[in-house]
Amino acid sequence: MALSTTSINKDDAMSRMMDYGQPLGSIMQVAYVVDDLEKAAQHWVDALGIGPWIIMPHFPAEDMHYRGTPTDIDLSIALAYSGSMCFELIFQHNEVPSVYREDGAPTREGRFHHWAIATERFDDVMAKHKTLGHAVAFDGKVVPVGGLRFAYIDAMPHLGGMIEVIESGPPVEELFAGVKQVADNWDGKTVVIRP
């Protein structure tokens, strides 16, 4: 029996190696929700040797929606690399409903949340998810990268996590490549960097 090779990111996948070491359209990030960024970063350094963690406090995004309703979620994130894979830790400051709080768990420490895929065909990928019946759980525009878009696709029922679709462009590639460069030159001791 032949397996289908058609995928949602078929036209992106393997088309170009990004400056941060992953092919466009492939999984380029794995993300976890935590209760304390600095404590979590220390655990990741100690247990897995992944660091340093670049903390981006109160990560600026705009035009955000949680399941179709405007939201003012306040997040801080931390990014680090192991090889060419980016890892993200996410901390939510405020108590608004969000994709990070809807699991009902009393603690979110270290809970897997999503995979991220960067694409230059954002609208096409979103349309494909819509045809598959995948709901958009969270979306918006990222200010530090010129308002390029992101969207979280709810794949919890089928995959046990969400899929973040990131609209790729030079500012996005530069951001992730910069974080990877810091990791490539890591002294193995520094846990957290605040730009």
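Residue numbers run from 1 in the order of the sequence given.
Residues Leu48 and Trp115 share a hydrophobic cluster, clusters being chains of Ile/Leu/Val/Met/Phe/Trp/Tyr side chains in contact below 4.5 Å. There is no path of hydrophobic side-chain contacts, each under 4.5 Å, that joins Val143 to Tyr152. Both Val96 and Ile90 belong to a common hydrophobic cluster when Ile, Leu, Val, Met, Phe, Trp and Tyr are linked at side-chain heavy-atom distances under 4.5 angstrom.
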Problem - Stepwise side chain to side chain contact (heavy atoms under 4.5 Å, CB included) test for Ile153 and Val136 - result: CA-CA 5 Å; Ile153 305 303; Val136 176; 4.1 Å; yes
Exercise for the section: Could you walk me through whether His134 and Lys128 pass side chain to side chain contact (heavy atoms under 4.5 Å, CB included), step by step? Expected result: CA-CA 9 Å; His134 298 165; Lys128 180 68 173 181; over 6 Å; no
Handout entry: side chain to side chain contact (heavy atoms under 4.5 Å, CB included) between Ile54 and Ile193, intermediate numbers included
Key = CA-CA 5 Å; Ile54 297 179; Ile193 295 174; 4.3 Å; yes
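Taking the side chain as every heavy atom from C-beta outward, Ser168 and Met18 approach each other to under 4.5 Å. No side-chain heavy atom of Val179 sits under 4.5 Å from any side-chain heavy atom of Tyr20. Ile163 places a side-chain heavy atom less than 4.5 Å from the side chain of His129. In this structure, the side chains of Arg149 and Asp123 come closer than 4.5 Å at one or more pairs of heavy atoms. Under the 4.5 Å side-chain criterion, counting only non-hydrogen atoms from C-beta, Glu164 is not in contact with Val99. Counting only heavy atoms from C-beta outward, the side chains of Met85 and Ile27 approach each other to under 4.5 Å. Two residues are said to be in side-chain contact when any heavy atoms from C-beta on lie closer than 4.5 Å; Ser76 and His93 meet this criterion. Under the 4.5 Å side-chain criterion, counting only non-hydrogen atoms from C-beta, Gln29 is in contact with His114.
Between Phe150 and Phe138, the two ring planes are perpendicular [angle over 60°; tilted spans 30° to 60°].
Between the Asp19 side chain and the Glu173 main chain, no donor and acceptor come within less than 3.5 Å of each other. Between the side chain of His65 and the backbone N or O of Asp63, at least one donor-acceptor pair lies under 3.5 Å. Judged purely by atom type and a 3.5 angstrom limit, His113 has no side-chain atom pairing as donor or acceptor with the backbone of Glu88. One N or O on the side chain of Trp186 and one on the backbone of Thr190 form a donor-acceptor pair closer than 3.5 Å.
Across Phe91 and Asp36, no two heavy atoms sit closer than the pair CD1-N, 4.3 Å. Between Thr71 and Tyr66, the shortest heavy-atom distance links the atoms CG2-N, 3.9 Å. Residues Val165 and Phe122 approach most closely at O-CE1, 3.5 Å, considering heavy atoms. Nearest heavy-atom pair across Gly110 and Val34 is N-CG1, 3.8 Å. Summarising the geometry of Val45 relative to Ile50, their closest heavy-atom pair is CG2-O, 3.3 Å, with the distance given to 0.1 Å. Scanning both residues, Leu24 and Ala118, for their nearest heavy atoms gives CD1-O, 3.6 Å.
Atom CZ of residue Arg121 and atom OG1 of residue Thr119 lie 5.5 Å apart, to the nearest 0.5 angstrom. Interatomic distance, Met28 CE to Ile166 CD1, rounded to the nearest 0.5 Å: 4.5 Å. If you take CD on Gln22 and OG on Ser84, they are separated by 4.0 Å, rounding to the nearest 0.5 Å. The CH2 atom of Trp53 sits 14.0 Å away from the CZ atom of Arg194 when rounded to the nearest 0.5 Å.
Aromatic pair Phe176/Tyr81: centroids not less than 6.0 angstrom apart.
Between Arg67 and Asp154 there is a salt bridge, since a side-chain N of the basic residue sits under 4.0 Å from a carboxylate O of the acidic one. Salt-bridge annotation for Lys180 and Asp184: present, with a side-chain N of the basic residue lying under 4.0 Å from a carboxylate O of the acidic one. With respect to Lys141 and Glu167, no salt bridge is recorded, no charged nitrogen being found less than 4.0 Å from a carboxylate O.
Considering Met64, His58, Gln92 as possible partners of Leu75, the one that fulfils the side-chain contact (heavy atoms from CB on, under 4.5 Å) test is Gln92.
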